Student: 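Quick one: this structure, given as structure tokens, is what I'll be asking you about.
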Amino acid sequence: MRITDTVRTILSGYESENPGVRANLARILMQGRLGGTGKLVILPVDQGFEHGPARSFAPNPPAYDPHYHFDLALEAGLSAYAAPLGMIEAGAGTFAGQIPTILKMNSANSLSRLKDQAVTASVADALRLGCSAIGFTIYPGSDDQFEMMEEIRDLAEEAKASGLAVVVWSYPRGGDLSREGETAVDICAYAAHMACLLGAHIIKVKPPTEALELDAAAKVYRDREIPVDTLAARTAHVVQSCFNGRRMVVFSGGEARDTEGLLNEIRQLRDGGATGSIVGRNAFQRPREDALALLGRIVDIYLGKA
Ligand code: FBP
């Protein structure tokens, strides 16, 4: 596989990483219909842990089968598939070498009152299963945020030493953050930036809203006239906050909703310079044919065709 100039430029932003890490980032960047473009669309399926099996899979029962998700990501020509240990173990053999996988190393569940996650896999698991990257969630703002940051510090060090890439889901919540503040643009940019500082290669955040949560930050946004009135402008601000574009940033899809609303949002993310999207429920909760059509249109957006 030869990499494109675009991918070579992206990899040059990761200038201290070893060849193993770069090769795994290249694998993800060269996979599927977006291969070589520098854009990514990833399928994440950890919602069984986060929300439970019925809420996640009852809308489309074939999705109870772990093989369904490997196959969906592959058929749709996506860049990678991310899931917790058990889901990856249940399909890694059949699909070995066909689609890059991201082992989600920690998970929350809806039965806990804590804004925290348990570490549920190891770097050795990721290597054994042929994964290209580890994935880890932090909850900036929560009472457990520092412990989570220390966990990813250790895991990222081990993963990078083993040549694996590191993807961080940075989801502000808990503590003194208001519900609105969880997706406020100042908080989203702050959370994305902290994930970069923690050494993430790919950062995953939710699309930011126009809200501003922190008074001290709000003053700067006003005084410096940082544009936050459109989603494209807010996306550009988040990308800038990720080392001025030297780190890849992907945006999550959220709860299942109408197709045109989702696609319009993704067009704005693209226009703001997002690396791509990571879309779970909106994909696997639709019947397979509808999901393939939707993912095809999302990929077309990042190809600049729609
Ligand atoms: P979705 O596209 O289904 O929102 O998936 C993205 C994701 O980050 C999942 O990886 C995760 O399970 C889920 O969102 C968490 O959603 P929430 O934090 O809203 O419960």
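Everything numeric in this text was worked out from a predicted model, so none of it was measured. As the structure lists them, so they are numbered: ligands from 1, and atoms in each ligand from 1.
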Student: Which of the listed options, Lys206, Gln47, Lys104, Arg281, holds the heavy atom that is closest to atom 5 (O) of ligand 1?
Tutor: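 Comparing heavy atoms across Lys206, Gln47, Lys104, Arg281, the nearest one to atom 5 (O) of ligand 1 lies in Gln47.
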Student: For ligand 1, which atoms have a heavy atom of Glu50 less than 4.0 angstrom away?
Tutor: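 Within the 4.0 Å cut-off of Glu50, ligand 1 contributes 12 (O).
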Student: Scan side-chain atoms only and decide if Thr137 and Lys204 contain a donor-acceptor pair under the 3.5 Å cut-off.
Tutor: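 Short answer, no.
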Student: Side chains of Gln31 and Met1: closer than 4.5 Å at any heavy-atom pair?
Tutor: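 In short, these two side chains do not touch, never coming nearer than 4.5 Å.
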Student: May I ask you to decide whether Glu89 forms a salt bridge with Arg128, counting only side-chain N to carboxylate O separations under 4.0 Å?
Tutor: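 Result for this pair is yes, salt bridge flagged.
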Student: Could you name the option among Glu255, Arg55, Glu182, Lys204 that has the heavy atom nearest to atom 7 (C) of ligand 1?
Tutor: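 Among Glu255, Arg55, Glu182, Lys204, the closest heavy atom to atom 7 (C) of ligand 1 belongs to Lys204.
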Student: Between the main-chain N or O of Gly141 and the side-chain N or O of Gln145, is there a donor-acceptor pair closer than 3.5 Å?
Tutor: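 Yes.
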Student: Below the 3.5 angstrom mark, is there an N/O of Pro44, backbone or side chain, next to an N/O of ligand 1?
Tutor: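 For ligand 1, there is no N or O atom that lies under 3.5 Å from one belonging to Pro44.
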Student: Is Arg173 in contact with ligand 1, taking contact as a heavy-atom separation below 4.0 Å?
Tutor: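 Within the 4.0 Å threshold, so yes.
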Student: With sequence neighbours left out, write down each residue that passes salt bridge (charged side-chain N to carboxylate O under 4.0 Å, His left out) with Asp71, or none if nothing qualifies.
Tutor: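 For Asp71, the residues satisfying salt bridge (charged side-chain N to carboxylate O under 4.0 Å, His left out) (neighbours in sequence not counted) are Arg288.
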Student: Report yes or no: does a heavy atom of Asp46 sit under 4.0 Å from some atom of ligand 1?
Tutor: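 Yes.
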Student: Taking only non-hydrogen atoms of His51, do any sit less than 4.0 angstrom from ligand 1?
Tutor: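 It does, in that a heavy atom of His51 comes within the 4.0 Å cut-off of ligand 1.
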Student: Does Tyr302 reach the side chain of Val41, with side-chain heavy atoms less than 4.5 Å apart?
Tutor: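 Of all side-chain heavy-atom pairs linking Val41 with Tyr302, at least one is under 4.5 Å.
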Student: If I apply the N/O under 3.5 Å rule, does Val279 come out as touching ligand 1?
Tutor: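 N/O-N/O distance under 3.5 Å: no.
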Student: Who passes side-chain hydrogen bond (donor to acceptor under 3.5 Å, both in side chains) against Asp5, sequence neighbours left out?
Tutor: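 Only Arg8 meet the side-chain hydrogen bond (donor to acceptor under 3.5 Å, both in side chains) criterion with Asp5.
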Student: Taking only heavy atoms of Gly254, which atoms of ligand 1 are found under 4.0 Å from at least one of them?
Tutor: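 The list of qualifying atoms is 1 (P), 2 (O), 3 (O), 4 (O).
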Student: Tell me which one of Phe251, Trp169, Tyr171 gets a heavy atom nearest to atom 14 (O) of ligand 1.
Tutor: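 Among Phe251, Trp169, Tyr171, the closest heavy atom to atom 14 (O) of ligand 1 comes from Tyr171.
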Student: Before accepting this row, confirm whether a basic side-chain N of the pair Arg281/Glu50 lies closer than 4.0 Å to the acidic partner's carboxylate O.
Tutor: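 Result for this pair is no, no salt bridge flagged.
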Student: What protein heavy atom sits nearest atom 2 (O) of ligand 1, and how far off is it?
Tutor: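 Protein heavy atom at minimum distance: Gly280 N, 2.8 Å.
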